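A short write-up of the structure that comes next.
Just so it is clear, the model here is predicted, and its values are computed rather than measured. Atoms within each ligand, like the ligands themselves, are counted from 1 in listed order.
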Amino acid sequence: MTSKTRVAIVISGGGSNAQALIDAARAPDYPAEIVLVVSNNPTAGGLERARQAGLPTAVVNHRDFAGRAPFEDALHAVLEEARAEVVCLAGFMRVLTDGFVARWEGRLLNIHPSLLPLFKGTHVHEQALAAGVRVSGATVHLVTPELDGGPIIGQAAVPVLPDDTEDDLSTRVLKAEHVLFPLALRKHVEGSRGLKAEAALPDMLLSV
Ligand code: GRF
């Protein structure tokens, strides 16, 4: 059995996406292992999820640093220390500078709760409802200096219902994220290792 790709997860909040990745990586044939869960927020619920799973955790609190660059240097250091080969941003709420992205480009994935390129940035579900779209969803993409603009690895689509509130839509999209991210990470790892991507991401229209 070839060694598994070492994946670090970067979070800021509840970590439900991190949990989905942790759960998926338990499968013996999953091509990646989670080696670290790191948060900029010391009280992030996702840290407890990682501890419950027996995984190493770290906190790099952006408030402890005088600017983005020293914060990102510290974040980079803990990722290097964990010998991370791929980094998954999962509910990570800080914008990363071009400098950090350049160090990880091609190995840095993010999940965004819309069907990019629609509805970049924040207040995503508010944007979707205001636009009157009938379908929304989630996107896993490679991170580039353009915010929410990198190459798309996978998407999951869900219906937008006439009486949806932002909460209704965000709940439905979040469930789709939990299916999408593990599949997208698997596709990325298998693709980038030149393996036959037998787990290529199926065309998913998730009716979650
Ligand atoms: C959610 O709004 C999700 O759509 C986005 O990040 C937020 C927190 O997700 N990707 P998580 O539960 O911390 O993974």
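Looking at heavy atoms from C-beta onward, D164 lies in side-chain contact with R172 at the 4.5 angstrom threshold. You'll find the side chain of D148 reaches within 4.5 Å of the side chain of H141, heavy atoms only. For the pair D73/F100, no side-chain contact is recorded, criterion being any heavy-atom separation below 4.5 Å from C-beta on.
Note that the CG atom of D168 and the NE2 atom of H125 stand 11.0 Å from one another [nearest 0.5 Å].
The salt bridge (Lys or Arg N to Asp or Glu O under 4.0 Å) test applied to E146 returns K120, not counting sequence neighbours.
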What short N/O contacts, under 3.5 Å, does ligand 1 make with the protein, listed by atom pair and distance?
{"residue": "ligand 1", "atom": "4 (O)", "partner": "E177", "partner atom": "OE1", "Å": "3.3"}
{"residue": "ligand 1", "atom": "4 (O)", "partner": "E177", "partner atom": "OE2", "Å": "2.5"}
{"residue": "ligand 1", "atom": "10 (N)", "partner": "E177", "partner atom": "OE1", "Å": "3.0"}
{"residue": "ligand 1", "atom": "12 (O)", "partner": "S16", "partner atom": "N", "Å": "3.0"}
{"residue": "ligand 1", "atom": "12 (O)", "partner": "S16", "partner atom": "OG", "Å": "2.6"}
{"residue": "ligand 1", "atom": "13 (O)", "partner": "G15", "partner atom": "N", "Å": "2.9"}
{"residue": "ligand 1", "atom": "14 (O)", "partner": "S16", "partner atom": "N", "Å": "3.3"}
{"residue": "ligand 1", "atom": "14 (O)", "partner": "N17", "partner atom": "N", "Å": "2.8"}
{"residue": "ligand 1", "atom": "14 (O)", "partner": "N17", "partner atom": "ND2", "Å": "3.1"}

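For K187 (side chain) and G154 (main-chain N/O), no donor-acceptor pair under 3.5 Å exists by modelled atom type.
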